[in-house]
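A short write-up of the structure that comes next.
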Amino acid sequence: ITDAAAAPVAGTAVTLAVRPERLHVEPAEDGATPERQPGWTTLLGRLSQGTYLGESTEYRVATESAGELVVRLQNREGEQQGAVVGPGQPVLVRWPDDATLVLAS
């Protein structure tokens, strides 16, 4: 919410948006419970697709609480970036709380 005077009433539907490159993906164990880290949002999901795009890799992650998330990780030479998992495997998706944008109507 960019308008400081805006304050959605409790129970009002809002949309949360996070830029795909602000998300992080890491392998998880089946049935894992996301551990709360101060300043970060963490969701458990299942990798549905990973696509190499040259300069980046796009991951699509299915979550129960947020639907499908699209994560884009920059590919850097000599560095391993992102998850080393395949489709169907559990993952944790994390992002800094300050990267979350609240959209209210």
- [ ] Tell me, please, which residues at least two apart from Glu58 pass salt bridge (Lys or Arg N to Asp or Glu O under 4.0 Å).
- [x]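 If we apply the salt bridge (Lys or Arg N to Asp or Glu O under 4.0 Å) test to Glu58, skipping adjacent residues, the hits are Arg60, Arg72.
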How long is the gap from [atom1] on [X] to [atom2] on [Y], to the nearest 0.5 Å?
X: Asp97; Y: Gln37; atom1: CG; atom2: CD; value: 10.5 Å
X: Leu16; Y: Leu103; atom1: CG; atom2: CG; value: 8.0 Å
X: Thr57; Y: Asn75; atom1: OG1; atom2: CG; value: 3.5 Å

Under a 4.5 Å cut-off applied to non-hydrogen side-chain atoms, are [X] and [Y] in contact?
X: Arg22; Y: Pro96; answer: yes
X: Val18; Y: Leu23; answer: yes
X: Pro90; Y: Glu29; answer: no

Task: Hydrophobic cluster (4.5 angstrom, side-chain heavy atoms) - remaining members for Leu92 - done: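 Members besides Leu92, by chain and number: Leu44.
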- [ ] Evaluate the side chain to side chain contact (heavy atoms under 4.5 Å, CB included) criterion for residues Val70 and Tyr59: first the C-alpha distance (whole Å), next the side-chain angles of each, then the deciding distance (0.1 Å), finally the verdict.
- [x] CA-CA 6 Å; Val70 177; Tyr59 295 98; over 6 Å; no
Exercise: identify the closest heavy-atom pair between [X] and [Y]:
X: Ser48; Y: Pro87; answer: O-CB, 4.0 Å
X: Leu47; Y: Val61; answer: CD1-CG2, 4.1 Å
X: Ala99; Y: Trp95; answer: CB-CD1, 4.4 Å

Task: Check against side chain to side chain donor-acceptor pair (under 3.5 Å), Thr33 and Glu35 - done: CA-CA 6 Å; Thr33 302; Glu35 191 176 303; over 6 Å; no
Task: salt bridge (Lys or Arg N to Asp or Glu O under 4.0 Å) contacts in which one or both residues fall within residues 37-48, not counting sequence neighbours - done: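 Non-adjacent pairs meeting salt bridge (Lys or Arg N to Asp or Glu O under 4.0 Å): Asp30-Arg46.
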TODO: Taking side-chain hydrogen bond (donor to acceptor under 3.5 Å, both in side chains) as the test, write out the residues that go with Thr42, two or more places apart.
DONE: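 Testing Thr42 for side-chain hydrogen bond (donor to acceptor under 3.5 Å, both in side chains), a comparison that skips the adjacent residues, returns Arg94.
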Task: Partners passing side chain to side chain contact (heavy atoms under 4.5 Å, CB included) against Ser56 (at least two apart in sequence or in another chain) - done: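 With neighbours one apart ignored, the set is Leu53.
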TODO: Output all residues satisfying side chain to side chain contact (heavy atoms under 4.5 Å, CB included) with Ala66, sequence neighbours left out; order by chain, then residue number.
DONE: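 By the side chain to side chain contact (heavy atoms under 4.5 Å, CB included) rule, Ala66 matches Leu43, Thr63, Leu69.
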